[in-house]
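Below is one structure, written out as structure tokens; the observations come after it.
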Amino acid sequence: MQAQKPRGTADIFSPEVERWQHVEGVARNLCREYNYGEIRIPEFEHTELFLRIGEVTDIVQKEMYTFLDRGGRSLTLRPEGTVGVARSFIENKLYGGVLPVKFYYLGPMFRYERPQAGRGRQFHQFGVEVFGASGPWADAETILLAVDLFKRLGLTDLAVLLNSLGCPDCRPAYRQQVLAYYQDYRHQLCRACRERMDRNPLRLLDCKEETCRSLLADAPRATEALCPECDSHFETVQAFLAGAGANSRVEPRLVRGLDYYTRTVYEVVSKDLGAQNTVCGGGRYDGLVEALGGPPTPAVGFALGLERLLSILKTQGRTATAGRPLDVFVVATGESSRKQAPRLAQRLRHAGYATDVDFLDRSVKAQMKHAGRVGARTVLMLGDAELATGQVLVRHMASGRQDVLELGDLEPGVAAVLGRKDG
RNA sequence: GUGGAUGUAGCUCAGUGGUUAGAGCACCAGGUUGUGGCCCUGGGGGUCGGGGGUUCAAAUCCCCUCAUUCACCCCA
């Protein structure tokens, strides 16, 4: 195996890439309707930026693609989008401008992990971020945008899970409650959970082990430990969602991995994925901008995995794409017509027709066969005899019908053949 | 980082110790000297993932390695 892509990466082309373009197009259009503007930020940042947040998450701990550049700087391929967008918000002093600002991004992320279904080392996310809005409508709007995207792509059987992690005022107390609760059952917990007690107690709620799960029922619930402000915020988010007709479910064991989240957290999950069943994850992160050296700025957003989204589309059979329709294939049959073929192809291209032409000096039969294989709707046949009298043949491939066209009248003639339903 | 499954032609796979490793599809050419799809005939194409070992003999058995894939951890 000589030519071999790096582990966990993918080559995307022909029929697949059209599906990507479709999804991206729908997302961009939706963002226009919701008035989110695109932001394009670097695909690598100073390693320091990622280290300043999320010290306890695995993604920072052991999954970063970090390298030294030739100037000795430590740089890291972005493992997610939010931190970079927040950095840009601060660096460009957007907090001094018109607020709120609403961004979306679309692009590759990098994490050093063992690949599995729905997980690669380079993967792609569509995400949105809102800065400068603390009210619950902002939370709800991002969720509605995601739900609309799925709806517009024709996806079904998705569930929106909601939870609130509280704020710096009420979360520590809840964290203690969880810790205290599990302390009594420490000997029953799985090994991973015993580590979680020290590293990230809230993660205890999310364990998949049977015995740990059985403890969950009586565990303290985040939503019952919220301070009055957080509680009212969360209630209002839910009311907005319900009012907009979006189904969602409060899931007390939902705990997001990145530790800059505050208050609202949410996920969209699908049973049409493998073990990695989250297609979209987001929430509010009111502390992030300040943690990165900016002024206190509330923010909320989500990231959505495009590979996972495409995977659901595939299993739900929503993969119909137009492909790449080729209007005309130019076939040359003689000495002088072979010289004319590329010129006619150019003429048709400039008239707006997707047009291709043989490069390989193949036989007429081979050219015809090729035209059929690539799905050309029509073939323009150039013969020396017809060219001498200023004519060409146009063949409608589906019906086999052929017409004679005057060279001077080429474009309208092709248009007529393409427009005819039955040829 | 841990565990399981799988690597044979471009693709899907057969071949589990014994001649020059096969099939279907795809590709190319001819049958049809200027006409695709269907049919017929022929052709090109293989370091059997890589390396080492056992054996008279290895695609086949053993070890290592790389890759793919699924799961854990964690996450989109």
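Chain A is the first sequence line, chain B the second, and so forth, proteins listed ahead of strands; every chain is numbered from 1.
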How far, in whole Å, is B/C11 from B/G34 if one measures between their C1' atoms?
34 Å
Pick the C1' atom in B/G49 and in B/U6, then give their distance to the nearest Å.
12 Å
Below 4.0 angstrom from OP1 or OP2 of B/A71, is there any side-chain N or O of A/Gln116?
yes
Nucleotide forming a Watson-Crick or wobble pair with B/C61, both distances under 3.5 Å:
B/G53
Write down the distance separating the P atoms in B/U54 and B/C25, rounded off to the nearest Å.
43 Å
For A/His233 and A/Asp139, which I'm curious about, is there any donor-acceptor pair between the side chains at under 3.5 Å?
yes
Look at the side chain of A/Thr333 and decide which nucleotide, out of B/A76, B/G34, B/G30, has an atom nearest to it.
B/G34
Main chain of A/Thr223, side chain of A/Ser164: is a donor-acceptor contact present, judged purely on distance under 3.5 Å?
no
Check this for me: does the side-chain of A/Arg395 come within 3.5 Å of the base of B/G36 through a donor and an acceptor?
yes
Given B/G34, B/C28, B/U2, which nucleotide is nearest the side-chain atoms of A/Val364?
B/G34
Does any N or O donor sit under 3.5 Å from an N or O acceptor when you compare the side chain of A/Glu386 with the base of B/G34?
yes
Work out how far the C1' atom of B/A14 is from that of B/G24, and round it to whole angstrom.
11 Å
Quick check: on RNA chain B, is the nucleotide nearest A/Leu273 upstream (toward 5') of the one nearest A/Thr9, or the reverse? Name the residue that is more 5'.
A/Thr9
Any side-chain heavy atom of A/Arg338 within less than 4.5 Å of one from A/Leu382?
no
Quick check for you: among B/U35, B/A76, B/G30, whose closest atom lies nearest to any side-chain atom of A/Glu113?
B/A76
Please tell me which of the listed nucleotides, B/C72, B/A76, B/A26, lies nearest to the side chain of A/Arg114?
B/C72
Any N or O donor-acceptor pair under 3.5 Å from the base of B/C74 to the side chain of A/Arg119?
yes
Which is true for A/Gly282 with a 4.0 Å heavy-atom rule: it touches a base, it touches only sugar-phosphate, or it touches nothing?
nothing
Across every strand shown, the nucleotide meeting Watson-Crick or G-U wobble geometry with B/G34 (both distances under 3.5 Å) is none
Is there a side-chain contact between A/Arg362 and the phosphate of B/C28, meaning an N or O under 4.0 Å from OP1 or OP2?
yes
Taking any heavy-atom pair under 4.0 Å as a contact, classify A/Gly400: base, sugar-phosphate, or nothing.
base
A/Met397 has a side chain; which of B/A71, B/G36, B/G30 sits nearest to it?
B/G36
Tightest non-hydrogen contact, residues A/Met381 and A/Thr333, listed as CE-CG2, 4.1 Å
Any strand is fair game: report the nucleotide pairing with B/U2 by Watson-Crick or G-U wobble, both distances under 3.5 Å, or none.
B/A71
With the threshold set at under 4.0 Å for non-hydrogen atoms, list the residues of residues 300-309 of chain A touching RNA chain B in residue-number order.
A/Ala303, A/Gly305, A/Arg308
Without hydrogens or angle criteria, can the side chains of A/Glu80 and A/Gln125 be said to hold a donor-acceptor pair below 3.5 Å?
no
Test: A/Arg249 and A/Glu267 ion pair at under 4.0 Å
no
Paired with B/A21 by Watson-Crick or G-U wobble geometry, both distances under 3.5 Å: which nucleotide is it?
none
Take atom C1' in B/A29 and the same atom in B/G45, then report the distance between them in whole Å.
15 Å
Taking only side-chain N and O atoms of A/Gln402, does any of them lie within less than 4.0 angstrom of OP1 or OP2 on B/U35?
no
Less than 3.5 Å apart, any donor N or O on the side chain of A/Asn277 or A/Ser270 sitting next to an acceptor on the other?
no
What I want to check is whether the side chains of A/Tyr266 and A/Ser248 have a donor and an acceptor closer together than 3.5 Å.
no
Taking for A/Asp384 and for A/Arg373 the nucleotide of RNA chain B with the nearest heavy atom, the one nearer the 5' end belongs to A/Arg373
Is there a side-chain contact between A/Ile312 and A/Leu158 in this structure, where contact means two heavy atoms from C-beta onward sitting under 4.5 Å apart?
yes
For A/Arg111, report the nucleic acid contact type (base, sugar-phosphate, nothing); a contact means any heavy atom under 4.0 Å.
base
Taking atom P in both B/G31 and B/A9, what distance in whole Å separates the two?
33 Å
Is there a Watson-Crick or G-U wobble partner for B/G43 with both distances under 3.5 Å, and if so, which one is it?
B/C27
Please determine if a side-chain N or O atom of A/Gln276 lies less than 4.0 Å away from the OP1 or OP2 oxygen of B/A71.
no
Once hydrogens and angles are ignored, does a donor-acceptor distance under 3.5 Å link the base of B/U68 to the side chain of A/Arg7?
no
When the P atoms of B/C13 and B/G17 are compared, how many Å lie between them, rounded to an integer?
23 Å
Give me the distance, rounded to whole Å, that separates B/A26 from B/G51 when you measure between the P atoms they each carry.
33 Å
Give the nucleotide from the list B/C27, B/C74, B/C70 with an atom nearest to the side chain of A/Ala117.
B/C70
